[in-house]
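The chains referred to below are lettered A, B, ... by the order of the sequence lines, with proteins before strands, and numbering in each begins at 1. Predicted model only: the values in this text are computed from it and were never measured.
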Amino acid sequence: MDNNKPVRLLDDNGLRVDGRRFDELRPLKIEVGTLDKADGSAYVEHGRNKILAGVYGPREAHPKHIALADRAVIRCRYHMAPFSTDERKSPAPSRRELELSKVIREALEPAIMSEYFPRSTIDIFIEVLQADAGTRCAGITAAALALADAGIPMRELVAGCAAGKIDGKVVLDLSDVEDKQGEADLPVALMPKSNVVTLLQMDGSLTEDEFKQALDMSTDACRKIYEMQREALRQKYHVIKDEADKEEEVTA
Amino acid sequence: MHAERKQLVIPGDLLGEGPYFAGENTFRDGTKIYAARIGLADIVGNRLIVVPIKGAYIPRIDDIVIGRITDIGMSGWQVDICAPYPAMLPASETPMQRGRDIGRRDLDHIYGVGELTLAQVIAFDRTRDPLLTTKGRGLGKVTSGRVARITPAKIPRIIGKMGSMITMLKKETNTDIIPGQNGVILVTGKNPDQERIAVEALYMIEREAHSSGLTDRVRAFILNEMKEKEIGQQQASSVA
């Protein structure tokens, strides 16, 4: 990996290693309802990231002592498959995965109306099949869709996207090399309609101005991703909607 | 109203603003009412609602449900009714001889673990687990027939407008169909073929729940299946 380390992450035209402009997202592919057995599911390809999310619930809380009297307990597991990285990753949950499970759960919690299902649990499973930087954000994007697909009451969807700094310039949506060789990474998750930031982390260093610029960039990107999320949900359910329209005409 | 009737809505979509009430699966923020679940928007009087497409079963009082016995306690049974909460069927809520002292030994004579029961919800308020009863006409142990499991949100479609769908199903397949509100449906017929056809028709309704002219298509499907079955039987008897 280090042998083919690029000397520069931005070329003379300001283009990045993969040919993107500084404010360009990686291509995104979103699919809802990929899994049959889970109550809700979604699959997201964000650049070379491949992420599958499954949701179960609301279901009975096991073990019983974790149940809360006034709302559902939300549990989240972020996991990277052993074959998701260059070097085989041990399948055991690492320190990093535990932390990401927690921050992803906290990023989704404000959107879920867990008070509708006291004493039960909602389980979210995020499986990273292939990792290429920005998995936590793509994981949030996928998990929010899986939750909506499971028919769980939510205030709105949550979308995630990162910004960062490479070669002294603030750029959107870092790729693997940019993340590793770059100077800063700023993952953000946003509830776009209520304009609430539910995840904000930073790795590396940014000046105050750079930080503001990066935050603006990533929230704008979250809004774009949010539109794609809506489109993906529609794709799955549009058949039902069209048919209902026809039925309305017949009965009217 | 911003959203149209029967429009597909996604959590967070604006349904309407102004003199409306926030109905099922919606929430209010200031004067605006938003969808909380994926479903079809609708308006009932001046109440905006979302008719869900998918979702878990949440018990309601007076619901008829079909559950599986999961545990036998000192004074009753625990029943899995496919809800986030385990239901309780107390021995005192089963029709049995009065005045008899009932102990655990007697309880597993009535229901063993894994058996199915057709019951009614008599109490549930989210702070306590649902309570069931089998006192009532037609309630009690399920001893024969087949069960189908579908999304609880589709049960109203199985029943149809004024029961049109289920009446047709019963008539054409010559079976008795009892839909549990929890998405479990019991089908009892005179022979296994009738039950199989009825169950297949139920799954067909679940798959095509929102398409038009469904009742007619289901009827055609059933008649076709019944015919094939008869031909099969005739061939078998002519060979014999």
Distance in Å, B:Ile58 CD1 paired with A:Phe117 CZ, rounded so as to fall on 0.5 Å steps = 4.5 Å

For the atom pair CD1 (B:Ile10) and CG (A:Leu145), what is the distance rounded to the nearest 0.5 Å?
-> 9.0 Å

Just give me the residue among A:Arg155, A:Arg59, A:Glu156 that pairs up with chain B most often, heavy atom to heavy atom, under 4.5 Å.
-> A:Arg155

For B:Phe27 and A:Met154, which heavy atoms make the closest approach, and how far apart are they?
-> CE2-O, 4.0 Å

Tell me, with the steps shown, if A:Asp39 and B:Lys54 meet salt bridge (Lys or Arg N to Asp or Glu O under 4.0 Å).
-> CA-CA 9 Å; A:Asp39 293 330; B:Lys54 246 175 138 180; over 6 Å; no

Could you go through the side chain to side chain contact (heavy atoms under 4.5 Å, CB included) check for B:Tyr85 and A:Glu60 one step at a time?
-> CA-CA 6 Å; B:Tyr85 313 102; A:Glu60 235 179 290; 5.8 Å; no

If you tally heavy-atom pairs under 4.5 Å against chain B, which of A:Ala69, A:Pro153, A:Ala61 wins?
-> A:Pro153

More than 12 non-hydrogen atoms from neighbouring residues, nucleotides or ligands closer than 6.0 Å to CZ on A:Arg48, yes or no?
-> no

B:Arg68 atom CZ: more than 12 heavy-atom contacts under 6.0 Å | no

Within a reach of under 6.0 Å around CZ of B:Arg149, are more than 12 heavy atoms found that belong to other residues, nucleotides or ligands?
-> no

Name the region of B:Pro52, side chain, backbone, both or neither, that has any atom closer than 4.5 Å to a heavy atom of chain A.
-> neither

Applying a strict 4.5 Å limit to non-hydrogen atoms, the region of B:Leu214 in contact with chain A is neither

Does B:Tyr203 OH have over 12 foreign heavy atoms under 6.0 Å away?
-> yes

More than 12 foreign heavy atoms under 6.0 Å from NZ of B:Lys170: is that the case here?
-> yes

Rounded to the nearest 0.5 Å, the CZ atom of A:Arg234 sits from the CG atom of B:Leu8 at a distance of 6.0 Å

Pairwise side-chain contact, B:Ile38 with A:Leu233, heavy-atom cut-off 4.5 Å (strictly under) | yes

Sort B:Arg128 into side chain, backbone, both or neither according to what part of it lies under 4.5 angstrom from a heavy atom of chain A.
-> backbone

Select one option (side chain, backbone, both, neither) describing which atoms of B:Ala35 are under 4.5 Å from chain A's heavy atoms.
-> backbone

All heavy atoms of A:Pro58 vs all of B:Pro84, minimum pair found to be O-CG, 3.4 Å

Applying a strict 4.5 Å limit to non-hydrogen atoms, the region of B:Asp29 in contact with chain A is neither

Do any N or O atoms from the side chain of A:Tyr116 and from the backbone of B:Asn25 form a donor-acceptor pair under 3.5 angstrom?
-> no

Contacting region of A:Asp70 [heavy-atom separation from chain B under 4.5 Å] | neither

When you look at NZ of B:Lys135, are more than 12 heavy atoms from neighbouring residues, nucleotides or ligands closer to it than 6.0 Å?
-> yes

Applying a strict 4.5 Å limit to non-hydrogen atoms, the region of B:Asp129 in contact with chain A is both

Let me know if B:Thr26 has heavy atoms under 4.5 Å from chain A in its side chain, its backbone, both or neither.
-> backbone

Tell me, side chain or backbone of A:Leu147 under 4.5 Å from chain B's heavy atoms, or both, or neither?
-> neither

Is the number of heavy atoms from other residues, nucleotides or ligands under 6.0 Å of B:Arg60 CZ greater than 12?
-> no

